[in-house]
**Q** 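Pasting in a structure now, in structure tokens, and then I'll have a few things to ask.
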Protein chains: 2
Amino acid sequence: MTRERSYSGLIARLKVGGLRPTRQRLALARLLFEREDRHLTAEQLHSEALEADVRVSVATVYNTLHQFTKVGLLREVVVEPGRSYFDTNVDDHHHFYFESTGDLQDIPKDQLHVAELPEPPGGTRIARVDVVVRVQDIEP
Amino acid sequence: MTRERSYSGLIARLKVGGLRPTRQRLALARLLFEREDRHLTAEQLHSEALEADVRVSVATVYNTLHQFTKVGLLREVVVEPGRSYFDTNVDDHHHFYFESTGDLQDIPKDQLHVAELPEPPGGTRIARVDVVVRVQDIEP
DNA sequence: CAACAGTTTAGAACTATTCCAAACTATTTT
DNA sequence: AAAATAGTTTGGAATAGTTCTAAACTGTTG
């Protein structure tokens with residue numbers, strides 16, 4: 001079960017990544033992982049934190065998002081210039097991107113398949129394949 | 001032949017898009033389309049223009065890139081937060097993205113195929129499918 | 001519990017991009 | 001071909017998202 005993420009499990013995961021389980025990191029982790037798959041910007045997470053009476057600075061939100069990403073707890077998704085989304089689902093999957101609202105929605109791995117991947121140029125290897133299905137309203 | 005793009009053809013294309021063929025737009029169009037497929041940021045194009053003794057403001061470079069994109073002469077590619085690339089190849093195709101250098105390289109349509117596209121959610125239709133194959137150096 | 005290394009913070013700094021209102025230019029009208 | 005007009009360009013200011021910085025703070029280790 002990839003969806004298993006208990007609170008204490010998180011502490012463990014942070015430790016593995018060499019990150020101390022601080023008040024801020026734990027609070028942000030709860031906000032991020034206590035709900036199902038989410039796609040959040042740094043600003044959105046910061047607002048949520050303030051609303052939940054978690055005092056964190058913007059800088060810390062950014063630091064934390066990047067550290068979590070490095071450790072594999074999050075995945076960064078780029079679909080829009082000038083805004084990064086962080087995806088709490090780190091399984092292999094792709095995205096619908098709703099141009100009208102700016103929302104993202106997961107497309108599970110088995111619902112979309114990339115065939116005939118070309119060889120990467122010499123000296124390089126494929127780190128990841130991102131598919132973004134851009135969707136727009138039918139009556140704009 | 002999709003690669004056919006003469007200078008006068010450009011004037012025609014601009015007219016179709018309702019864009020006057022001004023000095024700046026024509027100069028930028030030459031820089032963009034007189035070489036083969038390119039992936040440029042606004043800043044890069046602005047530098048090239050200055051080097052080529054084409055006096056244009058940054059604002060105009062941005063305006064022009066967006067107008068060209070709207071008219072279908074360019075395609076915007078987002079792979080990196082905080083930076084937009086404009087692709088002179090508007091045919092159906094995908095990209096390699098070199099994480100070490102930030103470069104983009106086209107993957108022709110026939111070298112990569114997306115199978116089993118899921119249905120877009122009700123009330124929406126697929127505007128475009130972007131595949132980015134992120135590639136990294138083997139010995140980092 | 002002292003010492004150290006890692007963390008947080010406010011605010012400044014930075015980068016890419018957009019906005020603005022005035023000056024300018026291509027096109028249309030007369 | 002001059003005047004009227006509508007679309008363009010421009011420098012600089014403004015904005016948005018993100019990163020940096022140096023000082024204060026906190027978790028961990030010995």
Side-chain angles (χ1 to χ4, degrees), chain A residues 8 10-31 39-50 52-71 73-74 76-86 102 104, chain B residues 8 10-31 39-50 52-71 73-74 76-86 102 104:
Chain A
S8 58
L10 264 175
I11 298 190
R13 291 241 232 165
L14 291 184
K15 284 231 180 80
V16 169
L19 299 173
R20 289 183 185 167
T22 63
R23 174 177 69 73
Q24 293 85 336
R25 291 212 263 246
L26 288 173
L28 293 176
R30 297 183 96 139
L31 289 170
H39 303 92
L40 290 168
T41 65
E43 260 190 288
Q44 285 167 353
L45 181 57
H46 186 236
S47 306
E48 285 199 7
L50 297 188
D53 274 309
V54 175
R55 281 166 40 278
V56 229
S57 68
V58 203
T60 297
V61 172
Y62 277 101
N63 288 340
T64 303
L65 287 172
H66 288 136
Q67 291 155 350
F68 282 14
T69 301
K70 192 178 304 172
V71 173
L73 290 172
L74 290 175
E76 190 172 359
V77 183
V78 187
V79 280
E80 225 175 281
R83 197 199 258 24
S84 265
Y85 289 85
F86 291 85
L104 282 172
Chain B
S8 59
L10 265 176
I11 299 190
R13 290 240 232 163
L14 292 184
K15 283 231 181 78
V16 168
L19 300 173
R20 290 184 185 171
T22 63
R23 174 177 69 73
Q24 292 86 335
R25 290 213 263 244
L26 288 173
L28 292 176
R30 297 183 97 139
L31 288 171
H39 304 92
L40 291 167
T41 64
E43 258 192 289
Q44 286 168 352
L45 181 56
H46 186 235
S47 305
E48 285 200 6
L50 297 188
D53 274 309
V54 175
R55 280 165 42 276
V56 229
S57 67
V58 203
T60 298
V61 172
Y62 277 101
N63 288 340
T64 303
L65 286 172
H66 287 136
Q67 291 154 350
F68 281 14
T69 301
K70 192 178 303 173
V71 172
L73 290 172
L74 291 175
E76 191 172 359
V77 183
V78 187
V79 279
E80 224 175 281
R83 197 199 262 18
S84 265
Y85 289 85
F86 291 86
L104 282 171

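Residue numbering restarts at 1 for every chain, and letters A, B, ... go by the order of the sequence lines.
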**Q** Scan Thr41(B) against the nucleic acid and name what it touches under 4.0 Å (heavy atoms): base, sugar-phosphate only, or nothing.
**A**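 Counting heavy atoms under 4.0 Å across all strands, no contact is made by Thr41(B).
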
**Q** Just how far, in rounded Å, is P of dT7(C) from NZ of Lys70(A)?
**A**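 Going from Lys70(A) (NZ) to dT7(C) (P), I get 11 Å.
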
**Q** Search all heavy atoms of Val54(B) against all heavy atoms of Ala27(B) and return the closest pair with its distance.
**A**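 Closest approach of Val54(B) to Ala27(B), heavy atoms only: CG1-CB, 3.4 Å.
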
**Q** Please give, in whole Å, the distance from dT17(C) P to Arg83(B) CZ?
**A**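 Going from Arg83(B) (CZ) to dT17(C) (P), I get 8 Å.
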
**Q** Please give the angle, rounded to 10 degrees, between the axes at the start and the end of the helix from dC1(C)-dG30(D) to dT30(C)-dA1(D), where five pairs define each axis.
**A**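 Answer rounded to 10°: the end axes differ by 20°.
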
**Q** With sequence neighbours left out, what residues match His46(B) under ring-ring contact (aromatic ring centres under 6.0 Å, His included)?
**A**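 Counting only residues at least two positions away or on another chain, His46(B) forms no ring-ring contact (aromatic ring centres under 6.0 Å, His included).
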
**Q** Count the heavy atoms belonging to other residues, nucleotides or ligands that lie under 6.0 Å from CD of Glu43(B), then report whether that count exceeds 12.
**A**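 Check fails, neighbour count at 12 or below.
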
**Q** Start with the C-alpha distance between Leu28(A) and Leu65(A), add both sets of side-chain angles, then the distance that settles side-chain contact (heavy atoms from CB on, under 4.5 Å), and finish with yes or no.
**A** CA-CA 9 Å; Leu28(A) 293 176; Leu65(A) 287 172; over 6 Å; no

**Q** Output all residues satisfying salt bridge (Lys or Arg N to Asp or Glu O under 4.0 Å) with Arg55(B), sequence neighbours left out; order by chain, then residue number.
**A**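 Not a single residue meets the salt bridge (Lys or Arg N to Asp or Glu O under 4.0 Å) criterion with Arg55(B).
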
**Q** Please list, chain by chain and in numerical order, all residues satisfying salt bridge (Lys or Arg N to Asp or Glu O under 4.0 Å) with Glu80(B), sequence neighbours excluded.
**A**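 Result, salt bridge (Lys or Arg N to Asp or Glu O under 4.0 Å) vs Glu80(B): Arg83(B).
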
**Q** May I ask you to list the residues of residues 56-68 of chain A, by number, that have any heavy atom positioned under 4.0 Å from an atom of DNA chain C?
**A**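 Residues of residues 56-68 of chain A under 4.0 Å from DNA chain C: Val56(A), Ser57(A), Ala59(A), Thr60(A), Asn63(A).
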
**Q** With nearest nucleotide decided by heavy atoms, which residue, Tyr85(B) or Gly18(A), maps closer to the 5′ end of DNA chain C?
**A**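 Final value for this comparison: Gly18(A).
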
**Q** Counting primed atoms plus P, OP1 and OP2 as sugar-phosphate and everything else as base, spell out the protein contacts along nucleotides 24-30 of chain C at 4.0 Å heavy-atom distance: B, S or - for each nucleotide, 5' to 3'.
**A** -BBS---

**Q** Taking side-chain contact (heavy atoms from CB on, under 4.5 Å) as the test, write out the residues that go with Ser47(B), two or more places apart.
**A**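 Scan of Ser47(B) (side-chain contact (heavy atoms from CB on, under 4.5 Å), adjacent residues dropped) gives none.
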
**Q** Listed by chain and number, what are the side-chain contact (heavy atoms from CB on, under 4.5 Å) partners of Tyr62(A), not counting sequence neighbours?
**A**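 For Tyr62(A) the side-chain contact (heavy atoms from CB on, under 4.5 Å) partners, ignoring immediate neighbours, are Ala42(A), Val58(A), His66(A).
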
**Q** Test of understanding: with side-chain contact (heavy atoms from CB on, under 4.5 Å), list the residues that count as partners of Thr22(B), not counting sequence neighbours.
**A**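 For Thr22(B), the residues satisfying side-chain contact (heavy atoms from CB on, under 4.5 Å) (neighbours in sequence not counted) are Arg20(B), Gln24(B), Arg25(B).
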
**Q** Going by side-chain contact (heavy atoms from CB on, under 4.5 Å), name the residues that satisfy it together with Glu48(A), two or more places apart in sequence or in a different chain.
**A**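 Here the qualifying residues are Leu31(A), Arg35(A), Arg38(A), Leu40(A).
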
**Q** Between dA5(C) atom C1' and Leu19(A) atom CG, what is the distance in whole Å?
**A**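 Going from Leu19(A) (CG) to dA5(C) (C1'), I get 14 Å.
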
**Q** Chain B on DNA chain D: first and last contacting nucleotide, 5' to 3', under 4.0 Å to a heavy atom?
**A**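 Reading along DNA chain D, I get dA6(D) to dG11(D).
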
**Q** Which heavy atom of His39(A) sits nearest to which heavy atom of Tyr85(A), and what is that distance?
**A**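 Shortest heavy-atom separation between His39(A) and Tyr85(A) comes out as O-CD2, 4.0 Å.
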
**Q** Please walk me through it: do Leu26(A) and Ile11(A) pass side-chain contact (heavy atoms from CB on, under 4.5 Å)?
**A** CA-CA 8 Å; Leu26(A) 288 173; Ile11(A) 298 190; 3.8 Å; yes

**Q** Applying salt bridge (Lys or Arg N to Asp or Glu O under 4.0 Å), can you list everything that pairs with Arg23(B), at least two apart in sequence or on another chain?
**A**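 Counting only residues at least two positions away or on another chain, Arg23(B) forms no salt bridge (Lys or Arg N to Asp or Glu O under 4.0 Å).
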
